[in-house]
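All residue numbers refer to positions in the sequence shown, counting from 1. Both counts, for ligands and for their atoms, begin at 1 and track the order of listing.
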Amino acid sequence: MASAPEAVSGRFQSILIIDLGSQYTQLIARRIRELNVHSEVVDNKLTAAEVKRRGNVIGLILSGGPNSAHKYGSPQIDKKLLALEIPILGICYGLQLLGSMHGGRLEAAKRSEFGRTELWVDNQDDSVLFRGLNPNLICWMSHGDALVTAPRGARITAHTDATKVAAFEYPKKNMYAVQFHPEVSHTPWGIDLLRNFVMGVCQATGDWTMGNFIEQSIESIREQVGEDGEVICAVSGGVDSLCTAAIIDRAIGHRLHPIFVDHGFLRMDEGDKVVEAWKGHFKSRLVRVRAGKRFLDELKGVTDPERKRKIIGREFIKVFEEESRKVRGAKYLAQGTLYPDVIESSGIGMHAHVIKSHHNVGGLPKRMKLALVEPLRDLFKDEVRRLGIELELPRPMVYRQPFPGPGLAIRIIGEVTAERLKILRQADRIVRDEIEMAEMERPWQYFAVLPAIKSVGVMGDKRTYGYPLVVRAVSSEDAMTADWSKIPYKNLEKIASRVIGEVPGINRVCMDITSKPPGTIEWE
Ligand code: XMP
């Protein structure tokens, strides 16, 4: 079995973010990447030797963190990193650590600063970080300790009411530091400061573009699978699996075998759209396995949510395995693992919040003895979307709202039957169409849920006994927390009248007004 290839990102200039425990570490990496410069989150055990070995590191950033840098046992960095002559930027705890390592005095602040804080720039003419910025700014602070004297030889470049050393620069030592958080959106000009560091100090060329990424990935995939390696890939219709398949298709064409297990729980016309998007665009042939009946049979009489999920997951693997066996000699399995999954599983940034991830094909490689091809493992989700556009995938697919692997089956409470599936599919289409027309910011997710109860209604002088439909719409940043979306009344009214008028079997429409927590986004 071939070994895993070197990460594609190794071929780009890179800024390493040394994680010192901040909840914003990943955000720093994302911001740097917005500047078309690759950045990676690394453990604070990173050694100078490792940085040298990498050979592509043009800058280091020390993240913030909840500890006191002067207390015993607080996270430190390899001192030899400072002798590498690679520019280094300390943020918050990073400033305190750099400052105290170079003779600056660190103390518990007389006045802590949390939240929006007014900042004054000092010695702006000599500052690289604040070049071109306003001399008086609003920044986001979050600290209980403060550096009260800067290292000898360094210039103080900003202060606040409470903090004398809110930023310092020490060009001779290639060292820069800010007490506030330039990476958060509450420091709106923070990206300009990061740009000044990355472009001005580190001299980045901005080579991290999705166009370059595609080129490098194609090379790397070809190196990994060789002249004759065959790769199978599960396509679900989501942007991750589509991009995974699309980029491998570009690299090896017909030696990719994309398999689309259609479990029958997709939304209206979704399966056809996936096939359509594939046709004409790619060299490999997308095999659609229509397994809807099989999944429904397995779910007969099942009402427990966890059992439903398990059955669907198990059946998915079975169908996929059966289909893959038809591909002779395949040695590789492509998977849409993303960078946040990689960070999580490496244990870096344990303090950062956990992004929920689901893998429909989890467990497959071990059973099938296949080597993994993971072309997206360097990318954040927003980069995957940019990649999708660059790969010319249809926009609605690239920007598709999150949709659970088990599909509509977990939005039908109680038993999933063909009849109830048809009802939900029709109603869900109406709900989505109408919400998309509403004059409001598009919610993070918006869909319909079909509960397992019936109630009495009246329609055209006739008594009805039908299902209610629940409209669920939420705003969120990362699905970990969510707020229910305030859909305008007139759109809700339209949803209710259309659903009841057009979907036989439903006689009532309700709205879920629970946020997460305490609710979850999905109902099962
Ligand atoms: P909950 O319901 O836990 O959902 O608030 C959080 C986010 O995860 C999505 N979700 C899933 N995604 N497979 C997936 O790929 C799944 O089994 C699954 N279950 C929930 C959900 O839509 C929301 O975005």
Side-chain angles (χ1 to χ4, degrees), residues 233-245 260-267 270-271 274 295 298-299 302 304-317 319-320 334-341 344-345 353-364 374 376 379-382 384-385 388 397-413 416 424-425 428 431-432 435 441-451 470-485 511-524:
C233 175
V235 169
S236 67
V239 63
D240 302 348
S241 69
L242 277 173
C243 280
T244 303
F260 171 28
V261 176
D262 185 349
H263 52 24
F265 305 133
L266 292 176
R267 291 164 293 190
E270 209 165 12
V274 172
F295 277 84
E298 288 298 318
L299 288 179
V302 179
D304 178 69
E306 277 313 297
R307 263 198 76 210
K308 262 190 205 173
R309 278 176 176 274
K310 286 216 175 87
I311 291 170
I312 295 168
R314 191 190 63 206
E315 206 55 24
F316 185 95
I317 290 183
V319 176
F320 186 74
Q335 213 161 257
T337 314
L338 302 191
Y339 186 50
D341 304 329
E344 257 173 53
S345 55
H353 61 212
V354 177
I355 292 169
K356 188 167 176 172
S357 59
H358 308 262
H359 299 288
N360 285 329
V361 289
L364 269 176
E374 298 179 302
L376 311 186
L379 303 185
F380 285 109
K381 190 80 180 190
D382 48 332
V384 175
R385 296 215 157 92
M397 286 187 175
V398 170
Y399 291 101
R400 193 180 85 152
Q401 56 165 308
F403 186 63
L408 298 182
I410 57 159
R411 293 178 180 170
I412 293 175
I413 313 309
V416 184
L424 179 62
R425 193 170 273 140
D428 177 72
V431 169
R432 284 185 294 126
I435 290 182
E441 197 177 311
R442 192 69 66 84
W444 164 269
Q445 265 175 291
Y446 46 105
F447 54 87
V449 176
L450 191 70
V470 176
V471 176
R472 180 73 164 141
V474 295
S475 58
S476 176
E477 295 262 321
D478 53 13
M480 298 301 292
T481 60
D483 194 10
W484 64 278
S485 301
M511 171 98 197
D512 182 350
I513 53 166
T514 324
S515 35
K516 173 184 181 175
T520 49
I521 296 175
E522 304 289 346
W523 270 41
E524 287 198 333

Item to check | Any side-chain heavy-atom pair of D262 and V274 under 4.5 Å | outcome: no
Next on the checklist: Which of the numbered atoms in ligand 1 are under 4.0 angstrom from any heavy atom belonging to Q445?
Outcome noted: 21 (C), 22 (O), 23 (C), 24 (O)
Item to check | Subset of ligand 1 atoms that lie under 4.0 Å from at least one heavy atom of I521 | outcome: 1 (P), 2 (O), 5 (O)
Next on the checklist: I need the minimum non-hydrogen distance between R400 and G238, along with the two atoms involved.
Outcome noted: NH2-CA, 3.4 Å
Next on the checklist: Counting only heavy atoms not in R314 (residues, nucleotides, ligands), do more than 12 fall under 6.0 Å from its CZ?
Outcome noted: yes
Item to check | Any side-chain heavy-atom pair of F295 and I312 under 4.5 Å | outcome: yes
Checklist outcome for this item: Among R309, K516, E522, the residue with a heavy atom nearest to atom 17 (O) of ligand 1 is R309
Checklist entry - Any N or O of A479 that comes nearer than 3.5 Å to an N or O of ligand 1? => result no
Checklist entry - Looking only at N/O atoms, are R411 and ligand 1 under 3.5 Å apart anywhere? => result no
Item to check | Candidate with minimal heavy-atom separation from atom 13 (N) of ligand 1, of A409, A482, G405, G407 | outcome: G405
Checklist entry - Between H263 and F265, what is the ring plane arrangement, given parallel below 30°, perpendicular above 60°, and tilted in between? => result tilted
Checklist entry - Got a donor-acceptor contact below 3.5 angstrom from the R425 side chain to the L266 backbone? => result yes
Checklist entry - Should P402 be counted as touching ligand 1, given the test is an N or O pair under 3.5 Å? => result no
